[in-house]
Amino acid sequence: AQTVTQSQPEMSVQEAETVTLSCTYDTSENNYYLFWYKQPPSRQMILVIRQEAYKQQNATENRFSVNFQKAAKSFSLKISDSQLGDTAMYFCAFMKHGGNQGGKLIFGQGTELSVKP
Amino acid sequence: ETGVTQSPTHLIKTRGQQVTLRCSSQSGHNTVSWYQQALGQGPQFIFQYYREEENGRGNFPPRFSGLQFPNYSSELNVNALELDDSALYLCASSLHGSGGLRTQYFGPGTRLLVL
């Protein structure tokens, strides 16, 4: 069974600085997807960034980028130029590609990020 | 483009009752997944519906059941409610096609409180 671990329950960062959130996962699959979702106090789950395991290039979306290390089963999220609106709970998630249970997201426990002015 | 919507936003029930939660998928999407998120935890997969059939189920008892309709909207039904069913219920829609990335987009959730 796949598992996702986020070892940092809480983090804080000053506005305009850079912060990195950690995520590790365990799987025997070779073909899968990884995601970061953010959940602000409104509780709406919002997609931040996604990565296909077969792609070696790390995904980037504006101020958000990932460091995907497939051999180490690590998928960290870097937020540059942090903004007050980035304050939220961040979840790392794994999805197996196809087959039985393909399409099921497995989430970590979350990291609560506070951006301070 | 219409996003994922859920109703109701909040619901209070008593133990033993039954509840139905509803979800309308994002336009162009054909798959709906349901998740339960207890307070302070990550979401847990309940089940997924594709072409009006269950397409994968998590570790939830049979009293959790669902439906998908021809317009791809979906319902989650929970019978014999228990106190531990109190949670945020999230619906996510995606496009299930021939391979490729099936990114799931979430609705705002329904907060259920069982007393």
Side-chain angles (χ1 to χ4, degrees), chain A residues 1-10 21 23-25 30-55 59 61 66 68 75 88-112, chain B residues 3-6 8-10 23 25-26 29-51 53-60 68 74 87-113:
Chain A
Q2 292 86 13
T3 58
V4 177
T5 302
Q6 293 179 249
S7 58
Q8 305 151 315
E10 297 178 357
L21 309 184
C23 172
T24 58
Y25 57 95
N30 188 52
N31 202 2
Y32 51 87
Y33 308 109
L34 294 163
F35 304 84
W36 280 97
Y37 283 89
K38 103 182 217 187
Q39 190 176 42
S42 67
R43 305 294 278 170
Q44 173 100 40
M45 193 75 79
I46 301 165
L47 176 69
V48 174
I49 198 164
R50 57 194 172 196
Q51 173 84 41
E52 291 97 322
Y54 68 86
K55 289 187 177 179
E61 287 285 344
V66 298
F68 173 48
F75 183 61
M89 182 73 86
Y90 286 79
F91 289 99
C92 177
F94 171 99
M95 180 192 291
K96 178 178 142 180
H97 175 77
N100 185 30
Q101 298 290 303
K104 160 188 173 181
L105 280 168
I106 299 170
F107 287 87
Q109 290 296 309
T111 295
E112 187 165 7
Chain B
V4 180
T5 60
Q6 292 185 243
T9 55
H10 295 82
C23 171
S25 60
Q26 182 170 311
H29 286 180
N30 58 12
T31 302
V32 173
S33 304
W34 286 92
Y35 295 84
Q36 180 195 66
Q37 186 179 20
L39 197 61
Q41 297 186 20
Q44 299 290 316
F45 176 74
I46 303 175
F47 43 54
Q48 183 179 88
Y49 276 83
Y50 170 61
R51 289 185 175 176
E53 291 190 359
E54 190 178 284
N55 181 45
R57 187 178 184 93
N59 189 25
F60 281 81
Q68 186 181 35
S74 176
L88 180 69
Y89 288 84
L90 295 167
C91 164
S93 76
S94 55
L95 178 60
H96 184 132
S98 53
L101 180 55
R102 307 176 203 167
T103 301
Q104 295 185 11
Y105 296 90
F106 285 81
T110 293
R111 183 168 296 284
L112 173 64
L113 177 61

Using modelled atom types only, decide if a donor and an acceptor are shared between the side chain of A:Tyr37 and the backbone of B:Phe106 within a distance under 3.5 Å.
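No, the answer is negative, given that no donor and acceptor are paired below the 3.5 Å cut-off.
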
How long is the span from the NZ atom in A:Lys104 to the CG atom in B:Asn55, to the nearest 0.5 Å?
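Interatomic distance, A:Lys104 NZ to B:Asn55 CG, rounded to 0.5 Å: 12.5 Å.
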
Starting at CD of B:Gln104, measure out to CZ of A:Phe35 and round the result to the nearest 0.5 Å.
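Answer rounded to 0.5 Å: 7.0 Å.
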
Looking at B:Gly107, B:Ser94, B:Ser33, which one has more heavy-atom pairs under 4.5 Å with chain A than the rest?
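Option with the top pair count is B:Gly107.
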
For the student: nearest non-hydrogen atoms of B:Pro43 and A:Met45, plus distance:
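Shortest heavy-atom separation between B:Pro43 and A:Met45 comes out as CG-CE, 3.4 Å.
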
For the residue pair A:Arg43 and B:Leu88, what are the closest heavy atoms and their distance?
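Here A:Arg43 and B:Leu88 meet closest at NE-CD2, 3.8 Å.
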
Report which part of A:Gln39 has an atom under 4.5 Å of a heavy atom belonging to chain B: side chain, backbone, both, or neither.
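Side chain only.
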
Given a strict heavy-atom distance threshold of 4.5 Å, which part of B:Phe47 is in contact with chain A: side chain, backbone, both, or neither?
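Interface part for B:Phe47: neither.
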
Could you please spell out the steps behind the side-chain contact (heavy atoms from CB on, under 4.5 Å) verdict for A:Leu47 and B:Tyr105?
CA-CA 7 Å; A:Leu47 176 69; B:Tyr105 296 90; 4.1 Å; yes

